[in-house]
Amino acid sequence: MSTSEFDIIDEFFTPGECNPELIAVGIGDDAAIINTNPDEQLVISVDTLNIGVHFPAQSSAYDVGYKALAVNLSDMAAMGAEPKWFTLALSLPSVDKAWLNEFSQGMLSLAAEHRICLIGGDTTKGPLSITVQIAGTVPVGQGLQRDGARVGDDIYVTGSLGDAAAALAICENRISVSNDLAASLLQKLNQPVARVDVGQMIRLRASSCIDISDGFAADLGHILEKSHVGAEIDLAKLPVSKALTELDIDNEQRQSFVLYGGDDYELCFTAPEEYRSDISAIAKKLSCGLSIVGKIVEGSGLFQINDHENALEMKGFDHFK
Ligand code: ADP
Ligand code: MG
């Protein structure tokens with residue numbers, strides 16, 4: 001069997017328990033949670049974007065800057081954290097001031113929108129690669145984790161799924177499309193919306209949460225694995241945008257984008273049924289699309305509702321598979 005990025009983390013970068021008084025949540029969630037003071041915990045995460053892997057080579061510098069910060073904000077959202085500051089490690093093949101001007105505008109305009117500050121970094125020469133480390137805070141004990149889903153909980157997804165995967169297929173000339181549809185799908189790939197406000201508002205309601213970076217099935221799979229539960233999904237309830245619905249592709253391909261496509265940066269979370277009306281009010285207040293797509297069940301694995309014969313694969317994007 002081939003090695004996945006998760007096998008590498010497990011084998012080489014998962015030391016035993018380390019300083020448990022200080023580290024409330026270590027490796028294995030969307031971010032780490034550090035005990036810093038009696039009221040508040042520090043939440044820290046880092047993500048790298050490499051050219052040709054995390055963004056198409058033809059991406060605008062503005063979009064690259066924007067996305068590098070957005071994907072990190074998304075990990076803060078997944079933890080229910082309030083992002084506060086970030087550092088930037090930049091590897092550049094050459095000095096291109098026009099590119100840097102656009103890049104910094106993309107990144108810093110998003111930072112201003114979220115009122116977070118760039119506080120340091122590192123600048124080196126090499127193939128284009130951008131690493132952002134982000135830090136935020138949560139009230140003690142309120143950070144959302146992947147391990148809290150319970151049998152009977154509803155499974156929610158914000159926004160819609162599959163647009164970014166469809167956009168990548170357009171960039172790579174795997175599907176053809178009208179310009180209008182392409183623009184709407186590409187927006188989702190290049191400037192994903194991190195659901196930071198939703199993450200914070202559901203803090204006291206949700207039992208678990210993850211952001212969908214590798215694909216819905218894979219990322220819900222992380223919740224199921226960490227929570228030791230299974231899930232039943234109603235495929236018809238998975239949210240699909242108007243643009244993806246109108247795209248001239250067969251239904252099988254559309255479903256594959258929705259279930260297995262990465263880069264959506266929507267939140268997938270679980271919550272007890274009693275919170276349905278609270279959570280729907282939160283989504284309404286924030287003007288964020290929200291769908292209940294299934295239920296947490298006993299056992300393990302991901303299934304379609306009333307069909308436990310045919311498990312859905314919990315696969316998604318993996319750098320090494
Ligand atoms: P995400 O998609 O939310 O950014 P990943 O899937 O990249 O998270 O990583 C899974 C978990 O493994 C996270 O908790 C991350 O911090 C941790 N991790 C990833 N790479 C390493 C590494 N090289 N050393 C230590 N921890 C790592
Ligand atoms: Mg994440």
Side-chain angles (χ1 to χ4, degrees), residues 3-20 22-34 41-50 53-55 67-83 86-89 114 129-136 138 143-149 156-159 161 164-165 189 192-196 198-200 202-203 206 208-227 260-270 314-321:
T3 303
S4 76
E5 55 187 89
F6 303 106
D7 298 330
I8 296 172
I9 299 163
D10 281 349
E11 188 172 348
F12 299 104
F13 302 110
T14 308
E17 194 173 65
C18 169
N19 208 343
L22 190 63
I23 300 169
V25 177
I27 292 172
D29 218 299
D30 289 291
I33 300 185
I34 314 296
Q41 289 168 303
L42 192 59
V43 183
I44 302 181
S45 179
V46 63
D47 263 315
T48 294
L49 269 69
N50 289 331
V53 180
H54 300 93
F55 57 91
K67 186 168 181 179
L69 185 58
V71 304
N72 279 275
L73 286 166
S74 178
D75 278 323
M76 292 291 103
M79 302 302 288
E82 184 186 344
F86 67 105
T87 60
L88 168 65
H114 287 268
S129 175
I130 302 108
T131 298
V132 170
Q133 186 201 48
I134 195 163
V138 280
L144 297 171
Q145 292 175 227
R146 296 175 178 181
D147 62 2
Y156 293 82
V157 174
T158 60
L161 300 172
L189 177 69
V193 175
R195 304 290 186 183
V196 176
V198 178
Q200 287 173 60
I202 60 171
R203 233 160 24 199
S208 72
C209 186
I210 191 167
D211 69 323
I212 303 174
S213 52
D214 294 336
F216 168 74
D219 287 317
L220 174 58
H222 292 309
I223 287 185
L224 302 183
E225 196 185 316
K226 294 264 169 184
S227 303
Y260 307 119
D263 259 6
D264 283 319
Y265 299 99
E266 296 294 352
L267 293 183
C268 173
F269 62 93
T270 59
M314 293 189 281
K315 67 178 184 186
F317 181 78
D318 188 300
H319 288 273
F320 296 97
K321 277 211 147 154

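Counting starts at 1 for both ligands and their atoms, following the listed order. Side-chain atoms are counted along with the backbone in the values below, which use heavy atoms only and exclude waters and symmetry mates.
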Please say whether Val46 places an N or O atom under 3.5 Å from an N or O atom belonging to ligand 1.
-> no
Classify the contact between Ile27 and ligand 1 as side chain, backbone, both or neither, using a heavy-atom distance cut-off of under 4.0 Å.
-> both
Closest to atom 22 (C) of ligand 1 (judged by heavy-atom distance), picking from Phe13, Phe6, Phe317, Phe12 = Phe13
Side chain to side chain, Val132 and Asp47, heavy atoms closer than 4.5 Å = no
Tyr156 versus Val198: any side-chain heavy-atom pair under 4.5 Å?
-> no
Is it the side chain (CB and beyond), the backbone, both or neither of Ile210 that lies under 4.0 Å from ligand 1, heavy atoms counted?
-> neither
Where the side chain of Ser74 meets the backbone of Glu266, is there a donor-acceptor pair that is under 3.5 Å apart?
-> no
Numbering as shown, the atoms of ligand 1 that approach Asp47 to under 4.0 Å (heavy-atom distance) | 4 (O)
Under 2.8 Å from the Mg ion (ligand 2), is there an N/O/S atom belonging to Asp30?
-> yes
Any protein heavy atom lying closer than 4.0 Å to atom 6 (O) of ligand 1?
-> yes
Ligand 1 N/O within reach of Asp29 N/O, cut-off under 3.5 Å = yes
Please state which protein non-hydrogen atom is closest to atom 18 (N) of ligand 1 and give its distance, to 0.1 Å?
-> Ile9 CD1, 3.8 Å
Rounded distance (nearest 0.5 Å) linking atom CG of Asn72 with atom NE2 of His114 | 12.0 Å
Heavy-atom gap Arg146 to ligand 1 smaller than 4.0 Å = yes
Leu220 side chain reached by Met314 side chain, heavy atoms, under 4.5 Å | no
Are side-chain heavy atoms of Val138 and Met79 found at a separation under 4.5 Å?
-> no
Would you check if Lys67 and Leu189 make a side-chain contact, meaning some heavy-atom pair closer than 4.5 Å?
-> yes
Is the shortest heavy-atom distance from the side chain of Ile34 to the side chain of Ile23 under 4.5 Å?
-> yes
Asp30 N/O under 3.5 Å from ligand 1 N/O = yes
Option whose closest heavy atom lies nearest to atom 11 (C) of ligand 1, chosen from Gly28, Gly316, Gly262 | Gly28
Do Asp219 and Asp211 have side-chain heavy atoms sitting under 4.5 Å apart?
-> no
Has Asp47 got an N/O/S atom less than 2.8 Å from the Mg ion (ligand 2)?
-> no
Any Val157 side-chain heavy atom under 4.5 Å of Ile212 side chain | yes
Here the gap from Thr158 atom OG1 to Leu267 atom CG, rounded to the nearest 0.5 Å, amounts to 4.5 Å
Closest to the Mg ion (ligand 2), which N/O/S atom of Asp211 is it?
-> OD1
What atoms of ligand 1 come within less than 4.0 Å of a heavy atom belonging to Ser213?
-> 2 (O)
Protein contact of atom 4 (O) of ligand 1 - nearest heavy atom, named by residue and atom, plus distance | Asp75 OD2, 3.3 Å
By atom name, which N, O or S atom belonging to Asp75 lies closest to the Mg ion (ligand 2)?
-> OD1
